[in-house]
Structures are given as C-alpha cells and as structure tokens.
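All remarks here apply to the structure that follows.
Only a predicted model underlies this, so the values are computations on that prediction, with no experimental measurement involved.
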Amino acid sequence: MIDSNIFEKMLRKNRIFKNRDVLRHSYTPEYLPHRKEQIESIASILLPALSGETPSNILIYGKTGTGKTATVKFVGKQLEEASRKMNVHCYVHYLNCEIIDTQYRVLATLAKALGRNVPMTGWPTDQVYEEVREAIDGKDQTVIIVLDEIDKLVKKGDDVLYNLSRINSELKNARVSLIGITNDLKFKNFLDPRVLSSLSEEEIVFPPYNATQLEDILAQRAELAFHDGVLDEGVIPYCAALAAHEHGDARKALDLLRISAEIAESREEEKVTKEHVREAVKKMERDNIVEVVRTLPNQSKIVLYSMILLHKNGKRKFITGEVYAVYKTLCKKVGMDVLTQRRVSDLLSELDMLGIINSIIISKGRYGRTREMRLDVPMDAVKEAILDDYRFEVLRDYEDRLLSSSLDMFD
DNA sequence: CCTCCACCGGAAAGCCGGGTCA
DNA sequence: TGACCCGGCTTTCCGGTGGAGG
C-alpha cells in the first residue's frame with residue numbers, strides 16, 4: 001500500500017487555518033480599526049512632505065500592542081503611494097532600534113537603504129554619517145525616518161539622535177523628518193533636552209484598546225485567518241475580554257486567538273472553542289513563567305529548585321529555614337558559593353514578587369516568626385527550565401538521594 | 001502576662017566588574 | 001595607563017516581633 005504524501009495528508013487535515021500569518025505581530029492589515037484619529041493626526045503632520053516642505057518630527061507613545069508600529073507603517077505606505085502618484089520624491093525608512101541598536105548600525109542601515117554600499121562594520125562613524133547625508137541630499141526629496149523602540153537607542157548614548165535631528169541644517173536639496181516610537185514614558189528623562197525638543201515637535205499618544213475594540217480587531221483578522229465557521233460563538237469576545245483585562249494589548253489578544261486555534265488544530269478538532277482559549281491562557285502563563293525562571297540568576301534557581309525538591313518530598317508549605325538547609329546541600333553539590341541566610345531571604349522575597357512562590361510572614365509563636373511559602377508554578381516545566389543549565393545537570397542524578405537522605409530531617 | 005523562638009528586614013560596609021577621565 | 005567612580009550583589013550586624021506555651 002502506498003502512503004500518500006505526508007504534507008498533503010497534513011494539509012487535508014488542516015481545517016482551521018486559512019492563513020496563519022495574519023495573526024502574527026509582523027502583519028500589517030489593510031485597515032486599522034479604531035485608529036482613525038491617530039492615522040489622521042500623523043497623516044496631517046506628514047502632509048507637507050508632499051509639497052516639498054519639511055514635516056515636523058513626531059514622538060509616539062503607547063503601551064505594547066496599541067498599534068503604534070502598524071499605524072505608522074500604514075500611514076508611511078499611504079504616503080509613499082500618494083507621492084508616487086503625484087510624482088514627488090518621498091520615502092519612509094523604518095528601523096527597529098531593538099535590533100539595530102547602535103549609532104553605527106543605524107547609520108549603516110540607513111545608508112544601505114538609501115542605496116549606498118557601506119559595510120556593516122569597520123568604517124568610522126563620521127564617514128557613514130557623511131555617506132547618509134550625501135545620499136539623502138543627492139536629490140530633491142523628503143525622507144522620513146521611523147525609529148521604532150527609540151528608547152533602546154537612547155540607553156546607548158543619543159549621538160545618532162542628535163546628529164539626525166540636526167541633519168536638516170546640513171541639507172541643501174532634501175528634507176528629513178523623524179518619527180520616534182516608544183512605550184517607555186520615562187525615556188524622555190534620559191534624553192538630551194535639545195534632542196528632545198527637536199524630536200517631540202509633535203506628540204501622539206496611543207491609548208490601550210478596550211474589549212469592544214479588541215473584538216473588532218480580532219474579528220477582522222479572524223476573517224482572513226480562519227476557514228469559515230471554525231470559530232465557536234463567543235471565542236472572539238472571550239479573547240478580547242481577557243486581553244482587555246490585561247492592559248488592552250492587541251498583540252496579546254491575537255496571540256491568544258492563534259494559540260487557541262493551534263491547540264484545536266493539534267488535536268485535530270474541527271472547531272475552536274472557549275475551552276481551547278482557556279487552555280491557551282494556561283499555556284501562555286506557563287511559557288511566561290518558564291521564561292522568567294530561565295532568566296533567573298543561578299542562586300535564585302538553586303533556591304527555587306530546593307523548594308521543588310521539598311514539594312516533591314510531599315511538603316506543600318515550607319519555611320525559610322527548611323529551604324535554606326536544602327539550598328546549602330544543593331549548592332555544595334553543584335560547587336557554588338553558599339549565600340547567607342539573610343541573602344537567601346531576599347532572594348525568596350524576589351521570587352515572591354515575581355509570582356513564582358506565594359509567601360506570607362507568619363508567627364508560629366513559641367516556634368518563631370518566619371516566612372511561610374508555597375510553590376505556585378507548573379512544577380515539571382520549571383524543573384526542566386532549571387536543569388536545562390548544564391551546571392545543574394548533576395542535580396538530576398542526586399535528586400533521589402537528596403530526597404531520601406538529607407530531606408529526612410524535615411518531616 | 002511574660003518569654004523566647006526563628007526568623008524578618010533595615011543599615012552599612014565590602015567586593016567586583018565595567019565604565020570614565022585625565 | 002592607572003586612579004577613580006558607580007551600581008549591583010553580598011555579608012555583617014543587629015534591633016524588632018507575633019504569638020504558643022508556660
């Protein structure tokens with residue numbers, strides 16, 4: 001018997017997604033619900049570009065998932081289209097400063113986008129700047145530079161911003177205007193006041209979406225992303241409500257919808273239900289915690305691992321002294337410095353802040369006052385995240401022995 | 001009502017790596 | 001280059017404390 005092609009078989013099974021990419025962050029939709037106001041203000045600020053004048057610089061604020069990037073990209077596209085029709089030279093260059101995070105890289109990337117051949121490393125910065133300036137001034141044009149996550153750039157020194165914000169005075173034929181995007185309201189404080197005043201000639205704030213608005217966004221994307229009728233009644237409102245509850249983040253809402261659908265898909269079910277959404281929430285929370293654990297300092301990992309062992313030993317609540325005793329033996333096993341109890345106590349309160357453990361300070365009267373805590377995480381996932389570090393591999397082998405010997409002292 | 005446990009948590013100082021400036 | 005500073009982490013020291021047991 002001949003098996004049919006495995007991909008064909010899988011595709012035939014795929015009754016859920018029509019186009020998964022529509023739900024990804026990188027996708028820029030044709031139409032942005034509930035951003036009319038912002039689109040219009042940006043457009044009206046950029047309008048002079050079409051008549052050969054210099055548009056004001058813009059600074060855009062808004063929490064993650066409020067549509068800042070999508071809106072700017074959208075308006076940028078429209079502007080380039082309009083300019084093409086009107087035979088005006090007007091270009092928008094988009095840079096994400098999270099990735100392109102040094103002065104040199106920003107300039108080099110710009111130079112490349114403008115058609116100059118600049119190596120990604122090696123040249124003196126001045127020379128690259130000069131190259132950029134020449135490339136821009138080479139013809140009568142308006143260049144709009146979008147700096148997304150601009151706060152990331154400022155933390156490494158704001159020379160580029162200073163240079164770019166004054167570039168207009170060195171240009172004869174062309175005009176430059178800047179659009180900075182940030183979700184960090186405090187970043188202004190780190191900025192050179194001269195740069196700030198130039199950069200924030202105009203400021204636009206993107207408010208978070210509410211539940212109804214998120215619903216519209218989801219509905220619009222779902223139309224493109226899914227086959228007809230695969231979404232159960234109530235799935236979209238549910239996702240929207242959950243995301244609205246958490247700061248109105250459209251990105252989160254879309255993730256939620258996508259992951260719910262992926263769960264349904266992996267189980268080869270025909271429909272996406274609210275139950276899938278609930279599981280998606282759990283999965284996202286778990287992934288989140290695992291990520292937090294992974295990036296914990298080593299000492300904290302050991303402290304956390306001590307608690308996991310205690311938990312595995314059948315204890316649901318533990319006090320500082322118990323955790324510290326286990327912690328000490330574990331440290332010796334992995335050959336790490338043993339911190340003082342005072343310090344471990346601080347690490348424990350940090351874990352509490354992160355929501356990895358639940359703890360309260362209680363008094364056991366005669367038996368002292370201490371922190372009583374319990375673990376509040378998906379145990380196995382967290383354990384794997386810790387053991388992932390090669391230095392802690394050894395703990396896997398010792399686990400049983402630790403359980404049977406050194407933990408006996410705490411009943 | 002007093003004691004005293006087992007730790008909490010503030011203060012201060014030491015250590016260390018990285019960055020700055022003359 | 002070395003002197004110096006900064007900030008994060010850690011230790012040392014220690015006063016403080018809620019409540020079970022006496």
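Judged by the 6.0 Å and 45° rule, A/Arg20 forms a cation-pi pair with A/Phe17. Under a cutoff of 6.0 Å and an axis angle of 45°, A/Arg371 and A/Phe318 do not form a cation-pi pair.
Between A/Phe74 and A/Thr71 the shortest side-chain heavy-atom distance does not fall below 4.5 Å. Using a 4.5 Å heavy-atom cutoff, the side chains of A/Leu257 and A/Phe226 are in contact.
A donor-acceptor contact shorter than 3.5 Å links the side chain of A/Asn57 to the backbone of A/Leu178.
Residues satisfying the ring-ring contact (aromatic ring centres under 6.0 Å, His included) test with A/Phe206, not counting sequence neighbours, are none. Under the salt bridge (charged side-chain N to carboxylate O under 4.0 Å, His left out) criterion, A/Arg316 pairs with no residue, sequence neighbours left out. Residues passing the side chain to side chain contact (heavy atoms under 4.5 Å, CB included) test with A/Ala280, sequence neighbours excluded: A/Leu256, A/Ile259, A/Ser260, A/Ile263.
Residue pairs meeting the salt bridge (Lys or Arg N to Asp or Glu O under 4.0 Å) criterion with at least one member in residues 60-87 of chain A, sequence neighbours excluded, do not occur. A salt bridge (Lys or Arg N to Asp or Glu O under 4.0 Å) check over residues 231-245 of chain A, counting only residues at least two apart or in different chains, returns the pairs A/Asp232-A/Lys271. Within the structure, the side chain to side chain donor-acceptor pair (under 3.5 Å) test picks out the following pairs touching residues 284-302 of chain A (sequence neighbours left out): A/Lys283-A/Asp287, A/Arg294-A/Asp388, A/Gln299-A/Tyr327.
Considering only side-chain atoms of A/Ile319, the nucleotide from B/dC8, C/dT10, B/dC7 that sits closest is B/dC7.
Between the CZ atom of A/Arg343 and the P atom of B/dA13 there is a distance of 19 Å, given to the nearest Å. Following rounding to the nearest Å, A/Ile362 (CD1) and B/dC7 (C1') show an atom-to-atom distance of 11 Å. Straight-line distance from the CD atom of A/Gln341 to the P atom of C/dT12: 13 Å, rounded to whole Å.
For the segment residues 344-354 of chain A, the set of residues with a heavy atom within less than 4.0 Å of an atom of DNA chain C is empty.
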Under 3.5 Å, which donor-acceptor pairs do the side chains of residues 343-353 of chain A form with other protein atoms, sequence neighbours left out?
residue, atom, partner, partner atom, Å
A/Asp346, OD1, A/Arg342, NH1, 3.0
A/Asp346, OD2, A/Arg342, NH1, 3.4
A/Ser349, OG, A/Ser345, O, 3.2
A/Ser349, OG, A/Asp346, O, 3.1
A/Asp352, OD1, A/Ser359, N, 3.3
A/Asp352, OD2, A/Ser359, OG, 3.0

Can you list, pair by pair, the side-chain donor-acceptor contacts under 3.5 Å of residues 236-248 of chain A, counting residues two or more places apart and other chains?
residue, atom, partner, partner atom, Å
A/Glu246, OE1, A/Lys252, NZ, 3.4

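Relative to the axis of its first five pairs, the axis of the last five pairs of the helix from B/dC1-C/dG22 to B/dA22-C/dT1 sits at 20°, rounded to 10 degrees.
A sub-4.0 Å separation between OP1 or OP2 of B/dC7 and a side-chain N or O of A/Thr320 is absent.
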| request: Could you encode protein contacts along nucleotides 14-22 of chain C as a string, one character per nucleotide from 5' to 3', using B for base contact, S for sugar-phosphate-only contact and - for no contact, with a heavy-atom cut-off of under 4.0 Å? | output: ---BBBBS-

Grab the N/O contacts between the protein and nucleotides 17-21 of chain B below 3.5 Å, and write none if there aren't any.
none

